[in-house]
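See below for the structure under consideration.
Only a predicted model underlies this, so the values are computations on that prediction, with no experimental measurement involved. Within every chain, numbering begins at 1; the chains are lettered A, B, ... in the order of the sequence lines, protein sequences first and strands thereafter.
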2 protein chains.
Amino acid sequence: MASDRRLGVESSKVRALLVEAADQLMVEEGHQAVSARRVAERAALKPQLVHYYFRSMDDLFIAVFRRATERYLALHEQALAAPQPLRALWELNSDSSGTKRNMEFIALASHRDAVRAEIVQSATFFRTLQIAAVARVLAARGIDTEAFPAAGVTLLMSAISRALVTETTLGISLAHTELLAIVNRFLELAEPREAAPGH
Amino acid sequence: MASDRRLGVESSKVRALLVEAADQLMVEEGHQAVSARRVAERAALKPQLVHYYFRSMDDLFIAVFRRATERYLALHEQALAAPQPLRALWELNSDSSGTKRNMEFIALASHRDAVRAEIVQSATFFRTLQIAAVARVLAARGIDTEAFPAAGVTLLMSAISRALVTETTLGISLAHTELLAIVNRFLELAEPREAAPGH
DNA sequence: GTCTATACTTCGATAGAC
DNA sequence: GTCTATCGAAGTATAGAC
């Protein structure tokens with residue numbers, strides 16, 4: 001497993017193609033579709049190249065995860081800096097392909113320790129940022145943080161968007177409208193939309 | 001894939017052993033650990049027996065799912081008939097092995113259509129029952145169903161317990177206490193615990 | 001009715017050729 | 001620095017022996 005064979009450089013164009021192909025497979029078909037052969041096939045390359053650029057499949061998965069995390073970080077910063085951060089965050093986390101990728105990594109975590117460690121660190125990092133942002137919004141609006149602690153609200157919104165996206169992907173829609181109504185009611189309370197003035 | 005070879009009878013003891021072994025692997029190691037070889041190994045049987053009792057791995061997964069669903073149905077009925085159905089339901093759905101199994105089936109659904117159909121049907125069935133039960137509780141307590149529609153509350157509680165169990169399994173605990181506080185506050189509103197009288 | 005010998009495919013990984 | 005020939009293990013599934 002841990003050999004000392006030579007590997008391709010990180011800046012390689014081919015390496016980037018493999019990561020992209022793996023990411024696509026992950027989102028479109030799930031993590032079990034991500035095999036060296038399938039990845040190479042999608043990138044129109046030879047299967048052995050996967051193991052030239054990545055010591056193991058674990059390493060490939062982690063490369064995919066880190067690339068996705070970097071991209072998400074940029075969007076995340078934008079969202080938290082928006083005029084209505086809660087609404088922006090809600091929009092961001094309602095993205096289906098992002099959530100699909102995330103769920104696949106969570107499924108992977110159960111049998112790939114390296115992946116699990118990566119996920120825990122990343123989830124904790126983003127949640128910490130979000131809690132601070134949510135706390136600011138709640139404070140600004142004078143919302144009772146006894147009833148609605150910022151950390152609880154943050155995790156709550158994350159849990160809801162994950163569930164809705166997951167179920168929608170499966171083809172379940174029962175009660176979604178009603179849950180969205182509750183969410184919207186809360187968002188309206190925390191970040192009221194401009195009441196159309198003047199008419 | 002669809003052959004006409006002979007299969008073992010459904011009442012077979014060996015068949016039940018295989019289902020049990022597959023279920024254990026599913027919960028303990030995830031669905032990818034459930035291969036014909038691994039299942040047989042755990043049951044101390046020959047790998048080929050899996051394909052004697054099940055036409056395909058899909059069929060084995062469905063057998064595991066149906067057995068779990070039957071058992072869950074019994075517990076579910078008990079919970080909904082309890083004095084405080086919302087609390088009972090919350091307890092039931094906070095069970096970690098049940099949720100783990102469920103999450104694995106959801107992960108499976110992305111590449112096994114037969115499994116997906118099974119999940120959608122089952123989820124819709126249970127949710128329908130739960131919504132009716134939640135509606136009764138909310139009505140009895142006179143809770144504003146404009147702000148908290150029964151369907152929304154039902155899905156909300158399901159989303160929360162799923163998220164908490166999943167994250168706990170991964171090793172993430174940030175903000176869990178705070179979310180639990182919100183849940184308990186709601187449960188106290190909908191189903192107040194007996195205030196200790198007389199002192 | 002029950003089980004096994006066996007076929008064929010795909011997997012991750014490595015050593016060595018260019 | 002880049003790629004390929006090749007290996008051994010594990011995957012699903014079937015036809016045929018008991």
### Query
How does DNA chain C look in dot-bracket form if you count Watson-Crick and G-U pairs under 3.5 Å, write [ ] for pairs that cross, and put | where a base pairs with another strand?
||||||||||||||||||
Anything under 3.5 Å between a donor and an acceptor, one on a side chain of residues 102-110 of chain A, the other on a protein residue two or more places apart or in another chain? List them.
unit_1: Glu104(A); atom_1: OE1; unit_2: His31(A); atom_2: N; d: 2.8
unit_1: Glu104(A); atom_1: OE1; unit_2: His31(A); atom_2: ND1; d: 2.7
unit_1: Ser110(A); atom_1: OG; unit_2: Ala107(A); atom_2: O; d: 2.9

Show me, pair by pair, the donor-acceptor contacts under 3.5 angstrom made by side chains of residues 8-18 of chain B, not counting sequence neighbours?
unit_1: Ser12(B); atom_1: OG; unit_2: Val14(B); atom_2: N; d: 3.1
unit_1: Ser12(B); atom_1: OG; unit_2: Arg15(B); atom_2: N; d: 3.2
unit_1: Ser12(B); atom_1: OG; unit_2: Tyr53(B); atom_2: OH; d: 3.1

### Query
Hey, does the side chain of Arg5(A) come within less than 4.0 Å of dT14(C)'s phosphate (OP1/OP2), counting only N and O?
yes
### Query
From Phe148(B) CZ over to Thr154(B) OG1, what is the distance, rounded to the nearest 0.5 angstrom?
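Nearest 0.5 Å value for the CZ-OG1 distance: 13.0 Å.
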## Note on the structure
Letter by letter from the 5' end, nucleotides 1-10 of chain D scores (B base, S sugar-phosphate only, - none; protein heavy atoms under 4.0 Å) BBBBB----S
Whole Å only: how far is the [atom1] atom of [X] from the [atom2] atom of [N]?
X         : N       : atom1 : atom2 : result
Met57(A)  : dC11(C) : CE    : P     : 9 Å
His51(A)  : dT10(C) : NE2   : P     : 17 Å
Glu29(A)  : dT10(C) : CD    : P     : 14 Å
His31(B)  : dT12(D) : NE2   : P     : 12 Å
His111(A) : dG11(D) : NE2   : P     : 12 Å
Leu25(B)  : dG11(D) : CG    : P     : 11 Å

### Query
Is it true that Glu28(A) and Arg42(A) make a salt bridge, defined as a side-chain N closer than 4.0 Å to a carboxylate O?
yes
### Query
Does a side-chain N-to-carboxylate-O contact under 4.0 Å join Arg67(A) and Glu70(A)?
no
#### Entry: Residue pairs fulfilling salt bridge (Lys or Arg N to Asp or Glu O under 4.0 Å) with at least one residue in residues 115-129 of chain B, sequence neighbours excluded
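Sorted result for residues 115-129 of chain B: Glu167(A)-Arg127(B), Arg66(B)-Glu118(B).
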### Message
Is the distance from the ring center of Phe126(A) to that of Tyr72(A) below 6.0 Å?
### Response
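Yes, they do, as the ring centres are separated by less than 6.0 Å.
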Please report, to 0.1 Å, the donor-acceptor pairs under 3.5 Å made by any side chain of residues 75-87 of chain A, with sequence neighbours excluded.
unit_1: His76(A); atom_1: NE2; unit_2: Gln130(A); atom_2: NE2; d: 3.0
unit_1: Gln84(A); atom_1: OE1; unit_2: Arg87(A); atom_2: NE; d: 3.3
unit_1: Gln84(A); atom_1: NE2; unit_2: Glu191(A); atom_2: O; d: 3.4
unit_1: Gln84(A); atom_1: NE2; unit_2: Pro192(A); atom_2: O; d: 3.1
unit_1: Arg87(A); atom_1: NE; unit_2: Glu191(A); atom_2: O; d: 2.9
unit_1: Arg87(A); atom_1: NH2; unit_2: Glu188(A); atom_2: OE1; d: 2.9
unit_1: Arg87(A); atom_1: NH2; unit_2: Glu191(A); atom_2: O; d: 2.9

